[in-house]
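Scope of the values below: all heavy atoms of this structure, side chains included, with no hydrogens, waters or symmetry mates.
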Amino acid sequence: MKPALFLALPLALLAQPAQPVPQDPAKGRLEGQVLNAVTNDPLRKTRLTLRMNAASTHPQVAVTSTYTVTSDAIGKFEFPNVDPGDYQLTIRHDGFANLVLGAKNAARKTDPILLAAGDRKTDFLVKLVPLGSIAGSVLDEDGDPIRGMTVAATTWRYTTNGRELQEARTASTNDLREYHIYDVPPGKYFLKVGQRN
């Protein structure tokens with residue numbers, strides 16, 4: 001009976017939740033949650049990087065003020081003890097489009113992420129758009145599958161030469177004569193079958 005109690009004690013200690021990080025009153029704190037933009041399900045294991053915008057750096061704060069965390073099982077994240085300043089937040093999760101918030105020179109403008117001494121921003125909601133995939137088979141004129149054929153998902157883009165169809169993602173047919181194009185951003189695509197490898 002005594003050995004069982006002795007073994008149970010370390011397991012009980014491991015099960016205790018991690019202690020919260022004490023907050024420095026001279027610094028800021030950013031807390032929030034990452035969700036799937038389509039289903040609103042929480043996204044665990046999302047990588048979030050908070051980086052100070054260089055143009056806003058105070059003389060006493062190094063330009064390299066960067067903090068990285070990973071969201072928990074219910075998509076929650078927190079950045080404790082952040083130096084005061086103007087920040088951009090980069091969010092990455094496999095199978096979802098990357099998102100950058102608060103960047104000064106981004107093509108898509110977003111609200112700045114400003115943290116002052118003693119600030120605590122909670123309920124910072126981030127929604128990531130899932131990427132799609134395209135799959136199928138390539139057959140010849142007799143209906144027989146072709147191995148090693150390049151297949152490209154193309155979409156219209158505006159360039160210096162005007163509107164052009166450009167490849168977004170590509171794949172090749174495998175030994176089963178099937179192709180699978182992964183991580184396709186939302187949009188309208190045309191499939192182009194190229195040369196055999």
Side-chain angles (χ1 to χ4, degrees), residues 13-58 61-135 153 155 157 167-171 179-189:
L13 291 174
L14 289 173
Q16 292 179 350
Q19 295 298 321
V21 176
Q23 181 64 34
D24 183 341
K27 298 191 175 186
R29 186 180 190 93
L30 180 67
E31 302 174 17
Q33 187 177 26
V34 186
L35 301 177
N36 181 320
V38 176
T39 65
N40 280 328
D41 291 333
L43 291 176
R44 64 181 182 170
K45 297 182 180 177
T46 303
R47 297 170 301 281
L48 300 101
T49 302
L50 190 64
R51 181 177 289 112
M52 186 176 283
N53 285 315
S56 69
T57 303
H58 300 7
V61 179
V63 177
T64 55
S65 289
T66 301
Y67 310 87
T68 301
V69 298
T70 302
S71 63
D72 66 14
I74 57 170
K76 296 274 189 181
F77 66 89
E78 61 178 40
F79 291 96
N81 300 319
V82 177
D83 291 321
D86 178 1
Y87 286 85
Q88 62 179 280
L89 179 63
T90 304
I91 308 103
R92 292 184 173 90
H93 193 288
D94 292 340
F96 289 79
N98 292 343
L99 182 63
V100 179
L101 302 173
K104 293 281 190 190
N105 301 319
R108 189 179 130 220
K109 294 294 180 190
T110 59
D111 292 334
I113 301 172
L114 303 172
L115 290 169
D119 271 356
R120 182 175 179 181
K121 294 188 188 298
T122 60
D123 300 324
F124 194 89
L125 194 60
V126 175
K127 292 193 173 187
L128 293 184
V129 176
L131 299 172
S133 64
I134 303 169
T155 189
R157 297 238 170 89
E167 294 182 1
R169 298 280 189 276
T170 62
Y179 67 88
H180 202 139
I181 305 172
Y182 294 97
D183 295 338
V184 181
K188 183 177 181 179
Y189 293 90

Check salt bridge (charged side-chain N to carboxylate O under 4.0 Å, His left out) between D94 and all other residues, then give those that pass, not counting sequence neighbours.
R47
4.5 Å side-chain heavy-atom contact, L99 and K127
no
Within the side chain of Q88, is there an N or O that forms a donor-acceptor pair under 3.5 Å with the backbone of T49?
no
What I'd like to find out is whether the side chain of I91 reaches to under 4.5 Å of the side chain of L128, using heavy atoms alone.
yes
So which atom in Q23 and which in G28 form the shortest heavy-atom distance, rounded to 0.1 Å?
NE2-O, 3.1 Å
Heavy atoms of other groups near N40 CG, more than 12 under 6.0 Å
yes
d(T170 OG1, I181 CD1) to nearest 0.5 Å is 7.0 Å
Between D119 and R29, does any side-chain N to carboxylate O distance fall below 4.0 Å?
no
Non-hydrogen atoms of G85 and M52 that approach each other most closely
CA-CE, 4.0 Å
Taking the side chain from H93 and the backbone from R44, do they hold a donor-acceptor pair closer than 3.5 Å?
yes
Check: D183 and R169 side chains under 4.5 Å, non-hydrogen atoms:
yes
Does the side chain of P185 come within less than 4.5 Å of L131's, by heavy atoms?
yes
Flag side-chain contact, heavy atom, 4.5 Å: T46 against T70:
no
If only side-chain N and O atoms count, and only distance matters, is there a donor-acceptor pair under 3.5 Å linking N81 with D24?
no
Quick one: pull up CG in D41 and CD1 in I74 and give me the separation to the nearest 0.5 Å.
13.0 Å
Could you grab the distance from atom OG1 of T68 to atom CZ of F77, nearest 0.5 Å is fine?
12.5 Å
What class does the angle between the rings of Y87 and Y67 fall in, given that below 30° is parallel, 30 to 60° is tilted and above 60° is perpendicular?
tilted
Could you state the interatomic distance from OG1 (T90) to CG (L50), rounded to the nearest 0.5 Å?
9.0 Å
Quick check: does any side chain N or O of D72 sit under 3.5 Å from a backbone N or O of K76, one acting as donor and the other as acceptor?
yes
Of all heavy-atom pairs linking K27 and V82, the shortest is CB-O, 3.3 Å
Is there a donor-acceptor pair closer than 3.5 Å between any side-chain N or O of S71 and the backbone N or O of K45?
yes
Taking all non-hydrogen atoms of both residues into account, name the closest pair between L89 and F124 and its distance.
CD2-CE2, 3.8 Å
Heavy-atom nearest pair, P130 first then P186, reads O-CG, 4.2 Å
With sequence neighbours excluded, residues passing salt bridge (charged side-chain N to carboxylate O under 4.0 Å, His left out) with R120:
E31
Interatomic spacing from OH in Y189 to OG1 in T155 - rounded to 0.5 Å:
5.5 Å
Considering only heavy atoms from C-beta outward, does the side chain of L35 approach that of P42 to under 4.5 Å?
yes
State the CG-CG distance between L30 and L115, to the nearest 0.5 angstrom.
6.0 Å
For L43 and F96, the nearest pair of non-hydrogen atoms, with its separation, is CD2-CZ, 3.6 Å
